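Below is one structure; the comments refer to it alone.
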Amino acid sequence: FFNSRTQNEGHPKWFVLGVGQVIKGLDIAMMNMCPGEKRKVTIPPSLAYGQQGYSQGKIPPNATLIFEIELYAVNKGPRSVEAFNQIDKDKDKKLSQLEISEYLKEEFARDGKKRHPSVHDEILTDIFKKNDHDGDGFISAKEYNVYQHDEL
């Protein structure tokens, strides 16, 4: 989980990185950041709001966005042992598409953000494309890479 603050809201904002809760450019820009680190990033329209813009946020079509990011904290998230065990409902030490699908539904319900129904399927497909290395339709603990990062 990553924490950000916007000038409009004036307080830190928590979100899960890599599941579409923020624009794709921020998901990419914040990868591998450490708590306390600051970055200034320029995000092209193709990784932001594209041709449609974002009227609610007063962002015009084809806008290039510039962010100054300071990462306050990182909490255990989707790559932790605890999260793996939480997702692995049948405790068979591998994650099925159904288990991950249910996890995504819970996460989306928790943040309350409206999404097009296709987003869920796109993320699920992407998760398996990137993590199911042996193509068996399951993501093992090793493929899930619960020990990918040092615990903070």
Side-chain angles (χ1 to χ4, degrees), residues 1-6 9 12-39 41-54 56-57 59 63-65 67 69-152:
F1 291 90
F2 290 82
N3 190 346
S4 74
R5 180 171 61 202
T6 64
E9 296 174 25
K13 179 181 176 188
W14 291 95
F15 59 90
V16 179
L17 191 67
V19 299
Q21 291 184 340
V22 293
I23 58 172
K24 190 170 185 113
L26 279 177
D27 271 342
I28 294 168
M30 294 183 74
M31 286 291 179
N32 303 318
M33 280 186 77
C34 298
E37 183 179 346
K38 296 179 183 179
R39 289 183 182 174
V41 297
T42 302
I43 300 175
S46 62
L47 295 175
Y49 295 102
Q51 295 177 355
Q52 65 272 14
Y54 182 58
Q56 197 175 354
I59 298 171
T64 296
L65 306 179
F67 289 91
I69 304 166
E70 180 177 1
L71 182 64
Y72 293 112
V74 178
N75 291 339
K76 290 180 181 179
R79 294 295 181 178
S80 70
V81 174
E82 292 83 358
F84 184 91
N85 291 333
Q86 178 188 346
I87 298 167
D88 185 20
K89 301 280 189 209
D90 62 8
K91 304 301 175 204
D92 63 355
K93 300 296 180 199
K94 59 186 179 182
L95 306 179
S96 68
Q97 288 201 18
L98 180 61
E99 287 171 326
I100 293 177
S101 177
E102 290 301 315
Y103 174 76
L104 289 175
K105 285 178 192 171
E106 290 169 13
E107 286 299 308
F108 290 167
R110 191 172 291 125
D111 79 4
K113 183 176 169 186
K114 291 190 187 240
R115 293 178 178 79
H116 190 276
S118 66
V119 171
H120 177 272
D121 293 336
E122 288 170 13
I123 292 173
L124 188 61
T125 299
D126 192 54
I127 287 169
F128 274 83
K129 188 166 81 177
K130 290 179 178 171
N131 296 282
D132 184 17
H133 304 298
D134 62 10
D136 69 351
F138 293 92
I139 297 175
S140 67
K142 184 177 181 183
E143 288 171 323
Y144 188 80
N145 202 5
V146 290
Y147 302 108
Q148 180 178 10
H149 302 293
D150 293 335
E151 294 297 334
L152 298 175

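This one's a predicted model, so the numbers in the text were calculated from it and none came from an experiment.
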Can you tell me how far [atom2] of [Y] sits from [atom1] of [X], rounded to the nearest 0.5 angstrom?
{"X": "Asp136", "Y": "Ser96", "atom1": "CG", "atom2": "OG", "value": "11.0 Å"}
{"X": "Phe128", "Y": "His133", "atom1": "CZ", "atom2": "NE2", "value": "11.5 Å"}
{"X": "Thr125", "Y": "Lys130", "atom1": "OG1", "atom2": "NZ", "value": "11.5 Å"}

Are [X] and [Y] packed together at the side-chain level, in the sense that at least one heavy-atom pair is separated by less than 4.5 angstrom?
{"X": "Leu95", "Y": "Asn131", "value": "no"}
{"X": "Met31", "Y": "Leu26", "value": "no"}
{"X": "Leu47", "Y": "Ile23", "value": "no"}
{"X": "Ile28", "Y": "Lys24", "value": "yes"}

[X] side chain to [Y] backbone, donor-acceptor under 3.5 Å:
{"X": "Asp88", "Y": "Asp92", "value": "yes"}
{"X": "Glu143", "Y": "Asp134", "value": "yes"}
{"X": "Gln86", "Y": "Tyr103", "value": "no"}

Indicate the atoms forming the closest heavy-atom contact of [X] with [Y], along with that distance.
{"X": "Ile43", "Y": "Gly25", "value": "CD1-C, 3.6 Å"}
{"X": "Glu99", "Y": "Ile87", "value": "CB-O, 3.5 Å"}
{"X": "Leu104", "Y": "Leu124", "value": "CD1-N, 4.1 Å"}
{"X": "Ala48", "Y": "Leu65", "value": "CB-CD1, 3.6 Å"}
{"X": "Arg39", "Y": "Met33", "value": "CZ-CG, 3.2 Å"}
{"X": "Gly137", "Y": "Asp132", "value": "N-OD2, 2.8 Å"}

### Message
Parallel, tilted or perpendicular, judged at 30° and 60°: which one describes the rings of Phe108 and His120?
### Response
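It falls in the perpendicular class, over 60°.
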### Task
Return yes when atom CD of Gln52 has more than 12 non-hydrogen atoms of other residues, nucleotides or ligands closer than 6.0 Å, and no otherwise.
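Yes, because the 6.0 Å sphere around CD of Gln52 holds more than 12 heavy atoms from other groups.
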### Task
Inspect the surroundings of NZ in Lys38 and state if more than 12 heavy atoms from other residues, nucleotides or ligands are less than 6.0 Å away.
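It does not: Lys38 NZ has 12 such atoms or fewer within range.
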### Query
Under the ring pair (Phe, Tyr, Trp, His ring centres under 6.0 Å) test, which residues partner Phe67, sequence neighbours left out?
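Residues passing ring pair (Phe, Tyr, Trp, His ring centres under 6.0 Å) with Phe67: none at all.
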